[in-house]
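What follows is a set of notes on a single structure, which appears directly below.
Numbers for residues simply follow the sequence, beginning at 1.
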Amino acid sequence: MTRRTKKRWEDQTLGHIGRREARTEFYKDSASRINLNGEWRFLYLEAPELSPEGFMNRETGTDWDLIDVPSVWQLRGYDRMHYTDVLYLFPINPPFVPSENPTGIYKKTVHLNREWIQKDTILKFHGVDSAFDVWVNGTHAGYSKVSRLPSEFDITGYVQEGDNDITVRVYKWSDGTYLEDQDMWWLSGIYRDVELINEPKDSIIDCTVEGDLDSTYKNGILKANITTKQKTCEGIWKLERDGQVVTRGIFQAEEGKAQVRETIPGAELWTAETPGLYELTVSAGNHEIVVRVGFRKVEIKDNNFRVNNQVILLNGVNHHDFHPKEGRCVTREQMEADILLMKQNNINALRCSHYPANGYLYDLCDEYGLYVIDEADLECHGFEWVERYDWITDDPSWKEAYVDRSVRMVKRDRNHPCIIMWSMGNESSFGCNFKSAAEAVKELDPGRLLHYEGDYEAEVADVYSTMYTRLNRLKEIGESDIKGNKPHVMCEYGHAMGNGPGGLKAYQELYRKYKRLQGGFLWEWYDHGIYTEEGKETYYRYGGNYGDFPTNGNFCIDGLLMPDRTPSPAMLEYKQVIAPVEVIRAGTGREVLVRNHYDFLTLGHVTLKWEIRTEEHNIQEGTITHMTALPHEEEKVTIPFLPFLPEANTDYYLNITVCQKEDTNFAKAGHEISKVQFPLNISCDVLEERPKGEPLQVSETTDLLKVENGAVTVTFHKIFGKLLSVGAGDQVYINEGPVMNVYRATIDNDMYKKEDWLNKYFIQKSSEQTEYFTYQTEADQVVVSIGKYFGCLNQSWGFECDYEYTIYSCGQVKVDLKGKAVQRGKLEPSFLPRIGVVMKGNKSLQNAVWYGLGPGENYSDSKAASLMGIYSSSVDEMGTNYVFPQENGHREEVKWFGIGDGNKSLLCKMEAPMGLNLGNYTDESLEEAKHPFQIQRADHVEIHLDYLQSGLGSNSCGEEQLEEYKVKLQDFSMAFVMQVVDDGEVRKEAKKHYLD
Ligand code: GAL
Ligand code: MG
């Protein structure tokens with residue numbers, strides 16, 4: 001006895017019922033359409049079997065709701081939100097799915113007039129998750145699946161003049177779900193557009209177009225294959241460029257097929273850098289359609305993939321459809337804003353991870369110029385975790401399901417010149433079904449490359465693709481010919497979760513160095529946080545915030561773009577690291593080397609804006625406009641700055657910005673492509689005598705020591721060996737002096753070190769013990785020396801610290817700290833988040849100014865986009881508001897900083913540059929908070945000065961911090977002078993250097 005009969009949505013061998021053959025989407029189409037987006041009646045059920053009787057007929061009960069289409073029902077109050085990276089939410093029992101299968105029945109009435117009825121009626125769903133049945137006027141009209149692909153049904157036979165009733169029943173779980181286990185929120189419903197197309201009886205059904213090139217790479221070959229509804233018909237076509245007809249002709253369809261082959265001498269070629277498009281208009285009978293054509297050739301030659309015979313480098317990003325309020329429903333405006341932002345940030349490639357995007361996205365990539373890896377809607381990652389990864393991938397009964405996903409993608413998207421690779425899916429192991437899919441794709445479209453990271457041996461794929469490959473391994477790949485010496489592409493790297501990634505530069509250097517490595521795609525574009533309003537708080541939810549279990553929590557908050565579309569600091573870093581123009585200063589002279597990393601453009605389209613700057617002002621500037629370097633070449637440029645006399649105690653820099661000369665379709669003339677800074681190392685140090693103030697008075701009790709005069713009051717705790725406060729007048733500026741610290745609020749990229757750091761080495765549980773406390777009164781100064789032992793709970797490693805405080809009669813307080821690392825046992829962390837001190841400033845000191853790297857947040861392994869300068873900001877704005885709170889807002893190489901209250905400022909001048917963090921919260925509250933609004937405001941300004949802070953790395957998924965960016969247990973010393981000055985005097989006083 002069979003225990004179970006397959007339901008329609010549990011049959012992997014049933015691809016569809018009544019769905020039309022997949023076809024391309026025309027750029028323009030004369031057929032009229034009715035947009036069916038908007039309100040539909042909606043009935044939510046716990047299982048399809050609970051559908052009310054006769055639900056497919058016109059009358060529906062009164063208990064139906066209204067829902068807007070497109071939308072995902074989980075964000076309209078039905079079912080529940082759930083996020084997992086890998087796990088299926090039900091037992092693995094393919095092709096069966098839970099009997100409790102959330103179901104939505106959608107209904108809409110459409111009025112069709114007589115004229116409409118005379119033509120054919122095509123019902124098109126652009127995307128429904130995950131499988132659905134359709135009824136028209138009570139008759140079953142079809143069934144389809146694959147959530148991220150369109151389905152069209154010819155419903156001519158079911159419609160009538162007047163009102164027509166359309167019923168769609170959508171199943172959350174289907175056999176297709178086994179192939180849709182991508183790392184994202186589980187969302188369901190009609191989430192892309194729905195429309196009716198009024199197709200003429202003599203229409204053009206499809207027109208596939210390839211803009212090929214001949215062997216000279218100069219002449220275009222237009223290849224169009226036209227499918228007509230009439231078996232025989234005649235038609236005309238024309239190819240236009242900017243509204244001018246380039247060539248035209250007629251065609252004769254036989255058996256519903258016609259071909260156009262035409263050479264276009266000297267065609268303007270399409271590349272991501274020069275996205276020139278032609279328009280092909282095809283008309284037959286009463287139907288006219290337009291397809292945009294890009295002439296370009298993608299091929300592998302000499303073990304590299306090439307576009308128009310040029311080896312290209314992909315500086316890409318992985319893209320999911322995402323909107324913080326709508327889940328996977330995205331608008332055209334948002335898609336365009338995304339593409340523009342990518343282009344403005346030097347990104348030249350996009351991978352549709354891990355499913356075909358909305359069709360419009362490819363139009364934008366054609367137009368603005370991005371290379372695309374289009375990926376089939378296929379991932380069965382959950383099988384890996386039961387250690388039978390190829391369960392369905394290698395099961396022939398699933399063959400059609402696998403092939404269908406690739407084939408329908410190719411059939412929809414093949415007219416887009418932007419697509420250079422077809423990807424058969426993601427994280428689904430390898431097996432016979434991928435081999436079949438590969439064959440099918442190659443047969444349909446031999447003109448593009450095949451990608452699939454799960455083809456680990458690059459058996460069928462044209463490129464050897466890996467993800468999160470560590471640098472060492474990447475270098476090995478670059479140097480070897482393993483995997484058939486196929487060109488390598490890194491389909492994912494640089495996990496942008498939370499603060500990070502760092503270390504991107506090292507990757508870019510390898511891509512640029514090794515011919516075999518042709519770049520990669522950062523993971524990923526968007527943080528998938530869900531906008532939430534709760535009382536007066538707004539924040540973004542991630543996995544687990546809906547009580548969803550199991551979940552991967554904030555693993556979905558891993559984008560370059562925050563949910564509110566604020567580019568994260570990592571976006572700026574990436575922009576600079578991949579910048580197509582690199583400026584290098586070889587010596588100390590005026591000459592710089594400008595490298596052209598474009599693959600097609602000369603440097604003729606950029607200008608170099610140069611400036612000679614002090615830390616604050618521009619003293620000379622100019623523009624260089626006539627550069628000519630060819631792609632992949634470099635040229636020497638002399639920056640014609642004039643000799644000048646340096647001012648005392650002033651740093652000089654040569655800043656160079658590479659800008660766009662003219663407007664492009666994605667940015668205005670002047671748009672910044674890259675920027676770089678070279679210190680000129682011309683210095684003229686002038687030391688002056690420290691002013692003298694009133695004599696300092698010293699007073700003492702058993703526990704306190706006070707040093708004061710009219711200018712300053714400094715107190716110490718003798719037992720705790722600590723600076724307690726620094727005040728001036730009746731104001732206190734420092735509420736607690738420097739205490740050593742080795743901890744930072746864990747960043748996501750520290751997630752694999754966190755356990756050890758916090759629960760084994762207890763780096764957050766540090767304390768200092770007083771070893772000695774002495775002081776000495778000298779003329780015009782009092783020197784307080786404090787010996788401390790710094791260590792963490794139950795640890796044998798620590799530091800012997802000598803703090804020396806010099807209080808000058810002028811009111812300045814110098815801190816000189818020397819730390820000697822000690823280990824008297826065996827265990828110690830392999831590295832520390834930081835070595836530095838923390839102090840508490842008065843909470844009224846909210847206006848910050850600093851001379852160091854900025855303006856944005858930067859870390860030792862993520863500072864390509866930061867330049868030295870004097871920057872100001874509020875303390876709050878120095879931070880980055882990560883969706884999941886963590887260490888943020890750090891600035892490297894700070895030479896001085898001030899925090900003021902509008903009247904007076906506390907100024908801190910470093911003997912040697914240090915790292916700085918200023919914030920209105922403690923590290924503990926940052927560590928504890930799960931959302932920004934939970935970060936408890938401290939009663940002081942937290943001041944972190946770091947001798948060193950470890951880099952960010954990308955270890956939430958990928959490379960750890962590189963060795964040079966790890967802070968090892970080591971001796972250190974740091975010295976700085978604090979003083980209270982009028983707000984207006986900060987910069988002036990900061991420049992003074994004193995003798996001593
Ligand atoms: C990859 C996967 C992505 C995403 C990423 C981590 O393994 O392909 O979909 O899960 O890791 O964020
Ligand atoms: Mg996955």
Side-chain angles (χ1 to χ4, degrees), residues 614-617 649 690-691 693-694 708-715 723-738 807-808 810-815 837-857 868-881 888-891 894-910 914-923 925-926 932-933 935-945 976-992 994:
T614 65
E615 54 270 20
E616 193 160 28
H617 301 290
N649 301 342
R690 207 180 288 277
E694 291 168 24
E708 64 188 320
N709 65 6
V712 71
T713 307
V714 184
T715 56
L723 173 72
L724 285 182
S725 66
V726 177
D730 44 15
Q731 258 278 46
V732 173
Y733 292 87
I734 289 287
N735 293 328
E736 192 178 311
I807 300 107
Y808 299 100
C810 65
Q812 299 176 9
V813 179
K814 178 170 176 188
V815 183
V837 295
V838 59
M839 302 194 285
K840 293 182 177 165
N842 190 303
K843 78 167 176 199
S844 64
L845 304 172
Q846 291 295 327
N847 309 323
V849 52
W850 76 98
Y851 172 30
L853 283 181
E857 164 185 300
M868 289 295 285
I870 297 179
Y871 304 100
S872 53
S873 154
S874 68
V875 168
D876 280 330
E877 276 163 8
M878 282 189 78
T880 304
N881 203 18
N888 68 85
H890 183 73
R891 304 295 191 285
V894 173
K895 295 190 167 193
W896 58 258
F897 77 92
I899 38 176
D901 60 8
N903 178 27
K904 297 271 183 194
S905 283
L906 175 80
L907 169 67
C908 239
K909 288 151 74 171
M910 324 299 178
M914 290 179 200
L916 171 71
N917 287 64
L918 296 171
N920 284 306
Y921 41 75
T922 62
D923 297 324
S925 67
L926 200 53
F933 73 86
I935 304 170
Q936 246 189 343
R937 271 183 98 79
D939 221 20
H940 62 267
V941 177
E942 183 106 330
I943 306 169
H944 269 286
L945 295 178
F976 54 95
V977 176
M978 302 188 275
Q979 66 193 105
V980 177
V981 300
D982 285 345
D983 273 345
E985 296 292 301
V986 171
R987 286 163 165 81
K988 204 167 117 203
E989 184 56 37
K991 266 185 176 304
K992 293 186 179 167
Y994 295 106

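At distances below 3.5 Å, at least one donor-acceptor pair connects side-chain atoms of Asn917 with backbone N or O atoms of Asn888. The backbone N or O of Pro855 lies less than 3.5 Å from a partner atom in the side chain of Arg891, making a donor-acceptor pair. Put simply, the side chain of Arg987 never gets that close to the backbone of Glu985: no donor and acceptor are under 3.5 Å apart. The main-chain N or O of Lys991 is found under 3.5 Å from a side-chain atom of Asn649 such that the two form a donor-acceptor pair. When atom types are taken as modelled, the side chain of Lys909 and the backbone of Lys992 share a donor-acceptor pair closer than 3.5 angstrom.
Here the closest heavy-atom approach between residue Pro691 and residue Cys810 is recorded as O-CB, 3.2 Å. Heavy-atom minimum distance, Asn735 versus Gly841: ND2-O, 3.6 Å. Between Phe976 and Cys908, the closest heavy-atom pair is CD1-SG, 3.8 Å. The two residues Tyr871 and Gly854 have their closest heavy-atom pair at OH-O, 3.3 Å. Closest approach of Ala728 to Ala711, counting heavy atoms only: CB-O, 3.4 Å.
Rounded to the nearest 0.5 angstrom, Ser905 OG and Asp983 CG are separated by 3.5 Å. To the nearest 0.5 Å, atom CD of residue Glu989 and atom CG of residue Asp982 are 10.5 Å apart. Atom CG of residue Leu907 and atom CD of residue Gln812 lie 8.5 Å apart, to the nearest 0.5 angstrom. With rounding to the nearest 0.5 Å, the separation of OG1 in Thr715 from CD1 in Ile734 is 11.5 Å. Here the CD atom belonging to Gln731 is positioned 10.0 Å from the NZ atom belonging to Lys904, to the nearest 0.5 angstrom. Separating the CD atom in Glu942 from the NZ atom in Lys843 is a distance of 14.5 Å, to the nearest 0.5 Å.
Using a 4.0 Å cut-off between charged nitrogen and carboxylate oxygen, Asp876 and Arg937 count as a salt-bridge pair.
Residues Trp850 and Leu918 are not in side-chain contact: their nearest non-hydrogen atoms beyond the backbone lie 4.5 Å or more apart. Between Gln846 and Ile899 there is no side-chain heavy-atom pair separated by less than 4.5 Å. With contacts defined as side-chain heavy-atom distances shorter than 4.5 Å, the pair Met839/Met978 qualifies. Side-chain contact check for Leu853 versus Val894: every heavy-atom pair is 4.5 Å or farther apart. Side-chain contact between Gln936 and Tyr921 is absent, with no heavy-atom pair separated by less than 4.5 Å. Pro738 has its side chain within reach of Leu723: a pair of non-hydrogen atoms, C-beta onward, lies under 4.5 Å apart. Counting only heavy atoms from C-beta outward, the side chains of Val980 and Val712 never approach each other to under 4.5 Å.
Side-chain contact, Asn842 with Ser844: a donor N or O sits under 3.5 Å from an acceptor N or O.
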*Chi angles and distances behind the side-chain contact (heavy atoms from CB on, under 4.5 Å) call for Glu616, Tyr851*: CA-CA 9 Å; Glu616 193 160 28; Tyr851 172 30; over 6 Å; no

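Of the residues Thr614, Val849, Val986, the one that meets the side-chain contact (heavy atoms from CB on, under 4.5 Å) test with Ile870 is Val849.
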